[in-house]
Amino acid sequence: MAGMRRLELAEALQLGPGWRHACHALLYAPDPGLLFGRIPLRYAVLMQMRFDGRLGFPGGFVDLRDGSLEAGLNRELGEELGEATASFRVERADYRSSHAGSRPRVVAHFYAKCLTLEQLTAVEMGAPRARDHGLEVLGLVRVPLYTLRDGVGGLPAFLENTFIGNAREQLLEALQNLGLLEPGSFARLKFSARP
């Protein structure tokens, strides 16, 4: 991930007091639905439109005085997504990766949490009533995990949006590592050369 180096979690937690920690979570759920009655959705994956017009994952800066990274992340999720987040907790077992950038001195911790489709839908429905809705968060969006016959519509078109930091790379890595895409479809994606 350009300009960022991957760290083990233990190494990231040992960084000095001049470093800030940001935690974000990919929330997803199995989705048996069909688009237009024929295109399998497979999973629902949430991202959010941020205040700056870029796509990212819910979460934000945490204070290690929250007790743990996960406690801070769960607090952030409640602020950005609302009361429906009380039905689940992101735990250490949901941790995926940490990346550090030298300027600013920030470590980005990334998690992926599998929910039921009912939990995920409740998050979507309740998000407009969350404290930060309309301020830090402009809305939620589902990531289209399919590619239309034209080879452009769906995920390839979605990936042309502007993402904050390394959110695009985190999304792609999670989709591949969690097996959320149809087998073989990851290799067929046409990725644009982006910094």
Side-chain angles (χ1 to χ4, degrees), residues 1-28 45-86 88-115 120 123 127 130-141 143 158-159 161-178 180 191-195:
M1 296 179 191
M4 301 195 81
R5 66 183 172 98
R6 191 177 194 110
L7 301 172
E8 293 299 320
L9 181 58
E11 182 184 0
L13 292 174
Q14 294 300 317
L15 293 172
W19 287 82
R20 297 178 68 197
H21 296 266
C23 295
H24 295 86
L26 177 148
L27 303 177
Y28 70 101
V45 175
L46 290 184
M47 291 192 79
Q48 65 185 18
M49 178 63 69
R50 296 164 30 96
F51 66 93
D52 58 8
R54 294 184 269 191
L55 292 170
F57 293 102
F61 284 106
V62 300
D63 189 328
L64 293 178
R65 291 177 292 186
D66 282 324
S68 68
L69 294 174
E70 295 79 18
L73 175 56
N74 286 302
R75 176 186 48 75
E76 281 286 329
L77 293 178
E79 292 171 5
E80 293 184 2
L81 302 176
E83 296 175 6
T85 60
F88 64 88
R89 303 240 346 128
V90 175
E91 304 290 344
R92 182 64 49 101
D94 303 311
Y95 170 80
R96 306 294 305 167
S97 64
S98 295
H99 289 85
S102 59
R103 291 187 186 167
R105 292 167 57 105
V106 173
V107 181
H109 304 281
F110 188 62
Y111 295 76
K113 179 71 175 180
C114 186
L115 307 177
L120 187 127
V123 168
R131 184 185 100 178
D132 289 344
H133 184 79
L135 301 169
E136 288 183 37
V137 180
L138 301 181
L140 297 179
V141 62
V143 178
F158 184 83
L159 293 172
N161 285 296
T162 303
F163 294 80
I164 186 68
N166 62 342
R168 182 179 189 272
E169 291 82 4
Q170 289 172 326
L171 172 64
L172 290 171
E173 187 175 287
L175 292 179
Q176 184 175 30
N177 294 344
L178 295 170
L180 301 184
F191 299 106
S192 62
R194 286 190 171 199

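These numbers come from the heavy atoms of this one structure, side chains and all, not from hydrogens, waters or symmetry mates.
Among residues two or more places apart in sequence or in another chain, the side chain to side chain donor-acceptor pair (under 3.5 Å) test is passed with Gln48 by Glu80. Residues that satisfy the side chain to side chain contact (heavy atoms under 4.5 Å, CB included) test with Leu9, not counting sequence neighbours, are Leu13, Leu69, Arg92, Tyr95, Ser98, His109. With sequence neighbours left out, Arg89 forms a salt bridge (Lys or Arg N to Asp or Glu O under 4.0 Å) with no residue at all.
For Glu11, the CD atom counts as densely surrounded, since its 6.0 Å shell holds more than 12 non-hydrogen atoms of other residues, nucleotides or ligands. Within 6.0 Å of atom CZ in Arg20, 12 or fewer heavy atoms from other residues, nucleotides or ligands are found, so the atom counts as exposed in its surroundings.
In this structure, Arg96 is not positioned above the aromatic face of Phe110 in the sense of NZ or CZ being under 6.0 Å from the six-membered ring centre and within 45° of the axis.
Distance check: Met47 CE to Arg168 CZ gives 10.5 Å after rounding to the nearest 0.5 Å. Remark: Tyr28 OH to Leu46 CG distance equals 12.5 Å, nearest 0.5 Å. Between the CG atom of Leu73 and the NE2 atom of His24 there is a distance of 8.5 Å, given to the nearest 0.5 Å. The distance from atom CD of Gln170 to atom CZ of Phe163, rounded to the nearest 0.5 Å, is 11.0 Å. A distance of 11.0 Å separates CZ in Phe51 from CG in Leu135, rounded to the nearest 0.5 Å.
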Q: Before giving the answer on side-chain contact (heavy atoms from CB on, under 4.5 Å), spell out for Phe88 and Asp94 the whole-Å C-alpha distance, their side-chain angles and the decisive distance to 0.1 Å.
A: CA-CA 12 Å; Phe88 64 88; Asp94 303 311; over 6 Å; no
Q: Give the C-alpha distance, both sets of side-chain angles, the deciding distance and a yes or no for side-chain contact (heavy atoms from CB on, under 4.5 Å) between Leu171 and Leu26.
A: CA-CA 8 Å; Leu171 172 64; Leu26 177 148; 4.1 Å; yes
Q: Please lay out, stage by stage, how Glu76 and Glu79 fare under the test side-chain contact (heavy atoms from CB on, under 4.5 Å).
A: CA-CA 5 Å; Glu76 281 286 329; Glu79 292 171 5; 3.7 Å; yes
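In plain terms, the two heavy atoms of Gly72 and Val62 that are nearest each other are C-CG1, 3.4 Å. Shown here for Arg75 and Phe61, the closest heavy-atom pair between the two residues is NH2-O, 3.6 Å. Residues Ile164 and Gly56 approach most closely at CG2-CA, 3.8 Å, considering heavy atoms. Across Arg6 and Ser97, no two heavy atoms sit closer than the pair NH2-CB, 3.2 Å. For the residue pair Lys113 and Val90, the shortest heavy atom distance occurs at CB-CG2, 4.2 Å. Taking each heavy atom of Phe57 and Ala25 in turn, the nearest pair found is CB-O, 3.6 Å.
For Asp132 (side chain) and Val137 (main-chain N/O), no donor-acceptor pair under 3.5 Å exists by modelled atom type.
The shortest side-chain heavy-atom distance between Leu15 and Leu7 falls under the 4.5 Å cut-off. Residues Val123 and Leu140 meet the side-chain proximity criterion, which asks for heavy atoms closer than 4.5 Å. Annotation: side chain of Leu55 is in contact with side chain of Met49 (closest heavy-atom distance under 4.5 Å).
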